[in-house]
Each structure stands twice: as structure tokens, then as C-alpha cells.
Amino acid sequence: MSEISVLGIFVADISFSGSKIPAIGETILGTKYNIGPGGKGCNQAIAVARLGGKVSFISKIGKDNYGELALNTLKKDNISTTNIIQDENSQTGVAGILVDQNSGKNAINVITGAPSSLTTKELDNHIDTIKKSKIFLTQLEVPKEVTLHCLKAAKENNCLTILNPAPASEIKGFFDYIDFFTPNETEAEFYTGIKITNEKEAKVASEKLLGMGIKKIVITLGEKGLFYSDGKEDIYLKANSVKVTDTTGAGDAFNGGLAYSLSQNKPIKECLEFANKVAGASTTKQGAGNAMPFLKDLS
Ligand code: RIB
């Protein structure tokens with residue numbers, strides 16, 4: 001049984017790099033494109049696996065070419081496909097990603113496809129995987145009732161839960177079931193109404209989130225690093241200095257790194273430093289799933 005279970009989506013990321021992210025109504029001549037594995041859940045599962053963690057990925061895909069890409073991707077990274085529901089009546093999803101090659105920043109539109117019809121009943125065939133794991137990691141790309149159902153099952157079975165609230169959306173009733181909440185600055189603003197540009201504002205936002213009942217907050221701040229608080233201890237870390245190619249999936253690398261490090265029972269500061277390093281390393285390569293670093297890539 002895996003130490004870490006991840007619920008989320010697989011999609012094929014179709015990514016276009018160019019001198020900028022085009023404005024509305026504008027056409028630019030891009031420089032390269034890439035089709036590869038993506039979806040926050042799958043990226044996070046790959047990150048855990050490449051770091052050496054025992055991970056189960058729970059998802060739903062179609063029986064089509066991108067569904068094949070999903071299965072091949074998981075096999076290549078030694079992630080079991082036992083918890084992948086394949087539905088011949090659904091399509092595997094895709095994400096359209098525009099990358100600014102100078103900053104590595106991106107804009108994403110994701111069509112989740114098959115997982116959009118995922119039900120709690122289907123999920124219940126795989127719930128034991130979650131219940132028996134030490135850590136349950138998920139995001140907000142599958143239907144919310146399924147996510148909440150799994151968070152509850154995880155907490156009832158004493159798993160440590162991590163919710164990466166991406167993309168940000170209303171999550172009434174979730175807060176009591178979250179141990180670690182890992183928004184980026186934009187997502188943290190969505191939940192708190194506080195615009196975060198520095199450490200001080202991140203602290204104010206995290207106090208508000210702690211007040212909602214979440215136990216530990218990690219606000220990732222992109223090139224500014226991260227802010228952590230559990231109400232007693234605050235930790236601010238600067239981002240690792242790397243040559244950025246593409247930031248797609250950096251948050252996923254961070255969450256995978258955090259889950260892996262927590263599963264090793266490391267002190268929180270060490271876990272955050274490690275996850276920060278994993279996130280930084282992921283930005284040096286193009287793509288999302290394929291850019292997740294191996295343990296040996298972290299110097
Ligand atoms: O976090 C990056 C991911 O978000 C991409 O791989 C894309 O598929 C979307 O799910």
C-alpha cells in the first residue's frame with residue numbers, strides 16, 4: 001500500500017512558447033510547441049514517484065490516444081494504474097498552455113474531460129487506497145463533492161491531508177478536513193480577499209485562513225519564495241535561484257515534494273526547503289509532468 005495517495009486529473013498539455021503571452025485579439029509567431037503529460041494530480045504523483053516515494057494516483061481517463069499517453073506516462077514512472085478508471089464514453093482531457101519564453105510564466109485553460117464525470121460511487125471502489133495511505137494529496141480539478149468525500153475519508157482514517165486549492169474555487173465545508181493548505185498568492189487572495197505582494201501580506205492572509213479552521217498554511221509566492229504558518233511558528237523561505245525555462249507545474253512539484261518530505265517525517269522547515277528545491281528544479285525544464293525532477297537532479 002502506498003504511503004501517499006493523490007487524487008486528481010491527467011490531461012495532455014499542449015504548450016506553446018513564444019516571446020510573450022499574446023494579448024486578447026493578438027496573434028504572435030511562436031517559437032516551439034510541446035505535447036506532454038499534465039494535470040495537477042498527475043504532475044504531483046510523478047513528482048512523488050521521481051523523488052522515490054510510494055505513490056498511488058487515482059483518476060479517470062478516456063479510452064483514446066491521450067488516455068494511452070496517460071497509461072504510458074504512469075508506467076514509465078512506475079506508478080500503478082490500478083486506480084485509473086478508464087471510461088470509453090469520455091474523452092481524456094487537454095490543457096492549452098501559453099508560455100512566455102523570457103520569464104517562463106504561463107497562462108492555462110484546462111478541459112478536464114473524463115474526470116468531470118467522476119462520481120463518489122466510482123471513487124468508492126478506490127477509497128481504501130486513500131484510507132490506508134499516510135498522506136492524501138489533492139487539488140480542485142475533479143468534482144468538488146468527490147474531493148470533499150475523499151478528504152473526509154482520509155481524515156476519518158488519520159491520514160495527513162494536503163489540499164492544493166488550484167484552480168481556486170468556493171470550498172465551503174472543506175476547511176475542517178485540511179491539514180496543509182497550499183495556495184499560491186493568487187489563490188490565497190481568492191480565499192482571503194488580501195492581495196499578497198510580500199511576506200507581511202502573506203502573514204495577514206495566512207492568519208485569516210487559520211481562522212477558517214485550516215491547520216497549516218503554505219502560501220507559495222513564485223519567484224519570491226513561500227510563507228508558512230501554523231499559528232505558532234512562521235517560516236519564510238526565499239525561492240531557489242535557478243535559470244527558469246517554464247514555470248508550468250512548479251506548484252505541483254512543490255506539493256509533490258512537500259508530501260514526499262512529510263512522509264519521511266522530516267521537520268517542517270526541512271520539508272519546506274526540500275519542496276522549494278523540487279519546485280525550482282522543475283522550472284528549469286520545459287513542460288509539466290516531464291519536468292518533474294528526480295532526486296539526483298536536486299543538488
Ligand atoms: O499545474 C499545472 C497543470 O495545471 C498543467 O499541467 C495543466 O494541465 C493544469 O492542470
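All of these numbers come straight from a predicted model, not from anything done at the bench. When reading the values below, keep in mind they use all heavy atoms of this one structure, side chains included, and skip hydrogens, waters and symmetry mates. Order of appearance sets the numbers: ligands from 1, and atoms from 1 within every ligand.
Below 3.5 Å of separation, one finds no N or O of V110 facing any N or O of ligand 1.
The closest approach between any non-hydrogen atom of G251 and ligand 1 is not below 4.0 Å.
Counting protein heavy atoms only, atom 7 (C) of ligand 1 is closest to D13 OD1, 3.4 Å. Among protein heavy atoms, the minimum distance from atom 9 (C) of ligand 1 is reached at E141 OE2, 3.6 Å. Nearest non-hydrogen protein atom to atom 2 (C) of ligand 1 is D252 OD2, 3.3 Å.
For ligand 1, the atoms closer than 4.0 angstrom to any heavy atom of A288 are 6 (O). Annotation for ligand 1: atoms under 4.0 Å from non-hydrogen atoms of A95 are 7 (C), 8 (O). Interface of V11 with ligand 1, defined as ligand atoms under 4.0 Å from a residue heavy atom, comprises 8 (O). Listed by number with element, the atoms of ligand 1 under 4.0 angstrom from any heavy atom of K40 are 1 (O), 2 (C), 3 (C), 4 (O), 10 (O). Within ligand 1, counting atoms from 1 as listed, the ones closer than 4.0 Å to a heavy atom of G38 are 6 (O), 8 (O). Every atom of ligand 1 is numbered from 1 in the order shown, and the set under 4.0 Å from a heavy atom of G39 is 5 (C), 6 (O), 7 (C), 8 (O), 10 (O).
Heavy-atom neighbours of K285 NZ from other residues, nucleotides or ligands within 6.0 Å: above the threshold of 12. The local environment of CZ in F174 is crowded, with over 12 non-hydrogen atoms from other residues, nucleotides or ligands closer than 6.0 Å.
With rounding to the nearest 0.5 Å, the separation of NE2 in H149 from CG in L118 is 10.0 Å.
Annotation: side chain of F180 is not in contact with side chain of L163 (no heavy-atom distance under 4.5 Å). Residues T147 and I171 fail the side-chain proximity criterion, which asks for heavy atoms closer than 4.5 Å.
In this structure, the side chain of E189 does not engage the main chain of T186 through any donor-acceptor pair within 3.5 Å. Proximity of a side-chain donor or acceptor of K131 to a complementary backbone N or O of N157 within less than 3.5 Å is not detected.
Seen from the ring of F274, K277 does not count as a face-on cation partner, given the 6.0 Å and 45° thresholds.
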